[in-house]
Amino acid sequence: KLQFVLCSPTVAPFMERYARINGCTEEHRHLMQYLLELTLPEVCMIKYPPSHLAAAAVLLSNKLLRRHPAWPPAMALATEKTESMVKACAWEMCGILEMVPYEKYSSKAVFRKFSGPKFSRVATNKF
């Protein structure tokens, strides 16, 4: 009997690590998680590995929160990626975020979840 154990990495450990390196507040972490959960049903985001998605969430959330620099040297060191390497993914993520008000099904549950106090109401922020 073969006993294979197959595991696939998820975005969660990368998000936690990058949030810590980026010095995120709880609200900032919730924003990153919101952005990442919005990408889950989007087929176009499958092309990015979980580490890249988490890095893009850091970049986009830093830009949305007007943190400077948006891509700190510590993030470049930890991810071994430059801002320009992450920018395309962050741009696609931003497009998904902009479509939330117009979605009928896929993002409504995520929007409701992140509109509540448990997640700092980050879905109701106007950026």
Side-chain angles (χ1 to χ4, degrees):
K1 177 176 168 180
L2 298 175
Q3 295 184 3
F4 290 106
V5 177
L6 299 177
C7 297
S8 180
T10 67
V11 75
F14 295 104
M15 188 200 95
E16 286 302 318
R17 179 171 181 255
Y18 296 165
R20 191 174 58 254
I21 291 166
N22 194 52
C24 295
T25 63
E26 183 179 46
E27 184 175 352
H28 193 157
R29 285 173 190 259
H30 290 160
L31 177 57
M32 287 174 56
Q33 186 179 350
Y34 177 53
L35 294 170
L36 290 166
E37 286 195 27
L38 286 174
T39 67
L40 289 174
E42 301 296 329
V43 176
C44 66
M45 301 305 276
I46 291 173
K47 63 188 168 206
Y48 298 109
S51 60
H52 200 92
L53 287 167
V58 170
L59 176 61
L60 180 56
S61 62
N62 280 347
K63 286 186 176 282
L64 291 171
L65 296 172
R66 293 175 175 78
R67 287 186 61 181
H68 298 287
W71 192 245
M75 284 303 303
L77 185 65
T79 62
E80 299 181 348
K81 296 183 187 314
T82 63
E83 181 175 347
S84 61
M85 292 167 75
V86 179
K87 196 174 275 188
C89 182
W91 180 262
E92 286 185 65
M93 203 175 275
C94 186
I96 293 167
L97 177 64
E98 289 175 342
M99 291 305 296
V100 169
Y102 308 104
E103 290 287 324
K104 289 187 177 181
Y105 305 108
S106 63
S107 63
K108 288 300 180 195
V110 177
F111 179 81
R112 270 194 310 277
K113 174 181 175 179
F114 286 89
S115 293
K118 182 178 177 183
F119 291 99
S120 309
R121 294 185 168 86
V122 294
T124 60
N125 290 350
K126 303 291 181 218
F127 298 105

Atom pair [atom1] ([X]) and [atom2] ([Y]), whose distance is rounded to the nearest 0.5 Å:
X: E83; Y: N62; atom1: CD; atom2: CG; value: 9.5 Å
X: W91; Y: L59; atom1: CH2; atom2: CG; value: 12.0 Å
X: I96; Y: L36; atom1: CD1; atom2: CG; value: 10.0 Å

Heavy-atom pair with the smallest gap, counting every atom of [X] and [Y]:
X: C89; Y: H52; result: CB-CD2, 3.6 Å
X: C24; Y: M32; result: SG-SD, 3.7 Å
X: E37; Y: V110; result: CB-CG1, 4.0 Å
X: R121; Y: S115; result: CG-O, 3.1 Å
X: T79; Y: W71; result: OG1-CZ2, 3.3 Å
X: A56; Y: M93; result: CB-CE, 4.0 Å

Can you find a heavy atom in the side chain of [X] that is under 4.5 Å from one in the side chain of [Y]?
X: L64; Y: L97; answer: yes
X: Q33; Y: E16; answer: no
X: L38; Y: F111; answer: no

| task | Report whether M85 and L60 are members of the same hydrophobic cluster (ILVMFWY, side-chain heavy atoms less than 4.5 Å apart, transitive linking). | result | no
| If you group Ile, Leu, Val, Met, Phe, Trp and Tyr by side-chain heavy-atom gaps below 4.5 Å, do F127 and V100 land in one group? | yes
| request: Kindly indicate, with the supporting measurements, whether the criterion side chain to side chain contact (heavy atoms under 4.5 Å, CB included) is fulfilled by M99 and E42. | output: CA-CA 12 Å; M99 291 305 296; E42 301 296 329; over 6 Å; no
| request: Can you label the angle between the H30 ring and the F119 ring as parallel, tilted or perpendicular, going by 30° and 60°? | output: perpendicular
| query | Which of these, E27, H28, R67, sits in a side-chain hydrogen bond (donor to acceptor under 3.5 Å, both in side chains) with S61? | reply | H28
